[in-house]
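In what follows, a structure is listed as structure tokens, so that the remarks can point back to it.
Residues: numbered from 1 along the sequence shown.
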Amino acid sequence: MEEKTDIRIGGMTCAMCSKAVEESLGKLDGVSSAEVNLASEKARVTFDPKRANPSDMKKAIEGAGYQYLGSDLDSVPGSDEARQKELGSRLAKAVIGMAVGSILMALMYSGMPQPELAYCSLIIAAPVFVYVSYPIFGAGYRALRNRSLNMDVMYSMGIGVAFASSVMGTFGIVLTHHFMFYESAVFLAAFLMLGRYLEARAKGHTTDAIKALMKLQAGDATVIRDGKEVRIPIGQVIVGDMMLVKPGDSIPADGQVAEGQSHVDESMLTGEPIPVLRKPGDRVIGGTLNTNGMLWVKATKVGSDTVLARIIRMVGEAQGSKPPVQRIADRAVSWFIPFVLAVAIISSLAWYFVLASVYGVADTLMFSLTVLISVLVVACPCALGLATPTAVTVGIGRGAELGILIRNGESLETASRVTAVMLDKTGTLTAGRPDVTDVVPAGMTVQEILALAAAAERGSRHPLAEAIVREADRVGIMVPQASDFITEPGLGITANVNGRAVLVGNREFMASHSIQTGHGALERLEGEGKTAVLVAVGGRLAGVIGIADRVKKSTPKAVRVLKRMGMEIIMVTGDNPRTAKAVGARLGIRKIRAGILPGRKATEVMKLQRAGKVVAFVGDGINDAPALARADVGIAVGTGTDIAIESGDIVLVKGDLLDAAAAIQLSRKVMSRIKQNVFWAFAYNAALIPVAAGALYPLWGWEFKPELAGLAMALSSVTVISLSLLLRGYAPPAKK
């Protein structure tokens with residue numbers, strides 16, 4: 001059986017780097033797939049543990065010239081510290097490089113004679129250039145050693161040509177003293193370091209959502225061991241442990257309240273700001289916050305089995321996935337660098353042999369070298385490589401914050417194209433539990449009817465019976481004792497309550513006992529799609545109880561929002577047509593498929609797909625599994641702690657249908673942002689490569705300085721990442 005692992009990787013700087021790592025891992029025996037996310041700097045590897053292991057992957061990654069920083073199967077101590085140290089090193093190099101570059105530029109305008117200026121510039125520039133550019137040349141060398149042509153190679157060529165030509169000019173080797181690119185070479189290396197610092201810092205924010213989720217996990221727990229309270233690390237908590245949770249503490253693991261009651265803040269999971277009351281018998285979720293009371297909680301799920309751990313795992317996997325739209329960027333990157341290299345060489349030669357004399361360039365060789373360096377530096381596929389993964393990572397993280405768990409990038413992309421939404425009724429549109437909605441008396445008071453009916457039904461496990469008992473408890477009615485129960489399956493029940501014969505059942509049951517049922521409430525309740533339960537006392541009809549699966553409070557608004565989004569809405573249910581039509585009429589849903597068994601719901605989805613629709617099916621994730629799997633996007637409705645995480649492409653943690661609309665809106669926003677990112681990534685290169693190649697010189701006599709090219713390159717990646725980070729504050733209209 002294959003396994004999956006996430007590997008942290010250091011040293012990747014561009015899309016070609018991630019491609020090189022993917023290829024190196026993909027060549028390993030036993031590895032069936034490897035996907036590298038440049039934004040999160042992780043590789044998701046699917047492998048056969050009998051034929052491949054982390055040690056093999058480590059060798060492959062390091063063999064390709066990159067750093068193996070550990071996986072979820074092992075750990076490399078200090079990897080986070082190493083990242084912070086590298087971030088600080090990049091900033092230091094950038095600051096020192098720009099400071100020395102400024103000094104070199106001032107020297108250029110100081111009036112110092114040649115060759116003194118050249119020698120002085122060399123002495124100042126050489127140690128700083130080596131210090132700042134060493135990581136670039138090192139990465140370029142590793143790439144060439146592994147036969148990979150990436151941007152580090154291009155940058156090395158650009159700044160290498162700038163510095164080498166300056167040294168040659170200083171010593172009069174082929175070139176003369178006025179070939180001075182020292183300040184350009186240092187500025188270029190500094191701007192490259194600045195760009196990588198800003199890029200790495202911004203990329204760190206793309207995973208803020210999952211970091212926030214991980215912080216919710218408690219570090220330790222107070223449990224009872226050998227009759228004593230002991231404080232232990234969370235990893236030592238086992239199923240069955242009795243955990244003491246004090247006010248202000250996070251609940252260490254999923255469990256059931258055994259003693260005490262308190263309001264628990266579950267906003268980390270549901271997004272609802274108001275704490276909910278939890279009392280004995282209620283389930284609680286690890287990571288939620290106990291606010292005002294003492295709770296004794298029996299652990300039922302610990303470690304990786306908890307709801308929070310599963311959510312973190314799901315979000316992490318999703319953020320590392322690739323949507324189909326990224327194939328465009330991957331294809332573009334594969335030909336980008338050879339194309340840029342060709343443009344740099346051809347444009348430089350064209351200016352040297354032809355264009356310089358045509359447009360009256362004073363120093364042909366200097367201009368040609370400037371063109372070569374500028375083109376090599378300004379062109380970069382980094383922005384293109386970051387366009388999709390940064391938006392996907394931030395978007396999926398934002399979804400998790402909103403209680404919308406998106407399984408992968410492909411689901412995100414498909415959801416943005418949905419045209420039809422098929423809605424399961426029970427548990428999706430409705431609460432999934434029958435409740436008493438009406439009590440219509442016929443000779444008795446409402447309280448008397450409920451008391452007698454609840455007394456007769458108290459021993460039954462039928463959902464309708466439980467609804468009556470629950471309503472009596474809710475109202476606060478004292479329910480008397482009953483005896484002599486006689487149940488007729490599918491019809492009703494007879495019992496003796498305080499010496500009176502009480503019958504509770506349907507029309508047929510009453511007719512079989514010769515009780516007249518000619519009450520107007522029957523027709524009205526059934527016309528509203530409710531189940532009418534009749535109550536007779538002493539041989540006469542005493543009242544009618546209406547029972548229905550209540551429509552969730554947010555459902556009407558959700559249906560209206562989906563309609564405004566242009567969705568075709570279809571309700572599908574196994575319930576009878578009369579009830580289905582009543583619910584549909586209340587919600588404004590005209591297309592209804594009633595009497596559909598769970599297995600046939602998938603067939604209904606297929607019919608829509610054959611009609612050219614992109615279908616999202618929204619169901620409770622249990623009996624709707626076939627339809628969820630068949631739909632283009634399966635949206636599983638969760639209910640608090642009972643979250644069907646494995647059943648859908650998208651999981652709605654709160655079980656709120658409004659979140660289905662919000663999920664589609666979020667996916668549309670993310671895909672729109674990806675397209676913007678790709679546009680800007682292409683636009684930067686499409687606009688600046690010709691400028692760097694000297695396109696503006698014939699018009700205005702303006703040449704693109706190499707240091708400006710370096711700054712523009714850095715800004716392209718920062719722009720794309722910044723656009724993606726704006727998604728962190730996105731609020732879907734359905735949630736407002």
With a 4.0 Å cut-off on N to O distance, would you call Asp549 and Lys530 a salt bridge? no
Around atom CH2 of Trp296, are there more than 12 heavy atoms from other residues, nucleotides or ligands closer than 6.0 Å? yes
Side chain of Ser460, backbone of His462: donor and acceptor closer than 3.5 Å? yes
Is the shortest heavy-atom distance from the side chain of Val551 to the side chain of Leu429 under 4.5 Å? no
Within the distance-only criterion (no hydrogens, no angle test), does the side chain of Lys601 pair as donor or acceptor with the backbone N or O of Leu628 below 3.5 angstrom? no
Quick one: side-chain hydrogen bond (donor to acceptor under 3.5 Å, both in side chains) partners of Ser554, sequence neighbours excluded? Asp656
Heavy-atom pair with the smallest gap, counting every atom of Ala661 and Ala734: CB-CB, 4.0 Å
With no hydrogens and no angle check, just 3.5 Å: does a side-chain donor-acceptor pair link Glu413 and Ser416? no
Over all heavy atoms of both residues, which pair between Phe509 and Ser512 is shortest? Give the atoms and the distance, please. O-OG, 2.6 Å
Indicate yes or no: at least one non-hydrogen side-chain atom of Arg278 is less than 4.5 angstrom from one of Val257. yes
Option passing side-chain contact (heavy atoms from CB on, under 4.5 Å) with Glu568 (candidates Leu608, Thr419, Val421): Leu608
Note, Val533 side chain near Val544 side chain (heavy atom, < 4.5 Å): no
How close do Ala415 and Ile650 get, heavy atom to heavy atom, and via which atoms? CB-CD1, 4.1 Å
Taking the side chain as every heavy atom from C-beta outward, state whether Val535 and Leu503 have any atom pair closer than 4.5 Å. no
Is Arg417 salt-bridged to Glu410, cutoff N-O under 4.0 Å? no
Quick check against the 3.5 Å criterion: does Arg550 have a side-chain atom that pairs as donor or acceptor with the backbone of Val436? yes
Please answer whether the main-chain N or O of Lys607 pairs with a side-chain N or O of Lys613 as donor and acceptor at a distance below 3.5 Å. no
Check whether any side-chain heavy atom of Gln609 lies under 4.5 Å from a side-chain heavy atom of Met606, and answer yes or no. yes
Give a yes-or-no answer on whether the side chains of Thr291 and Asp265 include a donor-acceptor pair shorter than 3.5 Å. no
Side-chain donor-acceptor pair present, Gln516, Arg540, cut-off under 3.5 Å: no
Any donor-acceptor pair under 3.5 Å from Asp649 side chain to Ser411 backbone: no
Would Ser724 and Thr390 count as having a side-chain donor-acceptor pair, cut-off 3.5 Å? yes
Which atom names give the shortest non-hydrogen contact between Gly409 and Val392, and what distance separates them? CA-CG1, 4.4 Å
Measure the shortest side-chain to side-chain distance between Leu657 and Val618 over non-hydrogen atoms and say whether it is less than 4.5 angstrom. yes
Between Glu488 and Ile493, is there a side-chain heavy-atom distance shorter than 4.5 Å? no
For Asp659 and Ala662, indicate whether the former's side chain and the latter's backbone hold a donor-acceptor pair under 3.5 Å. no
Under the side-chain hydrogen bond (donor to acceptor under 3.5 Å, both in side chains) test, which residues partner Asp254, sequence neighbours left out? none
Are any side-chain N or O atoms of Glu457 and backbone N or O atoms of Ala454, one a donor and one an acceptor, separated by less than 3.5 Å? no
Does the Arg507 side chain pair with the main chain of Leu534, one donor and one acceptor, at a distance under 3.5 Å? no
Judged by atom type as modelled, is there a donor-acceptor pair below 3.5 Å linking the side chain of Asn290 to the main-chain atoms of Gly293? yes
The test is side chain to side chain donor-acceptor pair (under 3.5 Å); show your working for Asn292 and Ser262 and say whether it passes. CA-CA 6 Å; Asn292 64 336; Ser262 176; 2.9 Å; yes
Examine distances only and state if a side-chain atom of Thr288 and a backbone atom of Val264 form a donor-acceptor pair shorter than 3.5 Å. no
Would you call Lys301 and Val307 a side-chain contact if the rule is heavy atoms closer than 4.5 Å? no
With a 4.0 Å cut-off, would you call Glu471 and Arg474 a salt bridge? yes
Please determine whether the number of non-hydrogen atoms from other residues, nucleotides or ligands lying under 6.0 Å from atom NZ of Lys581 exceeds 12. no
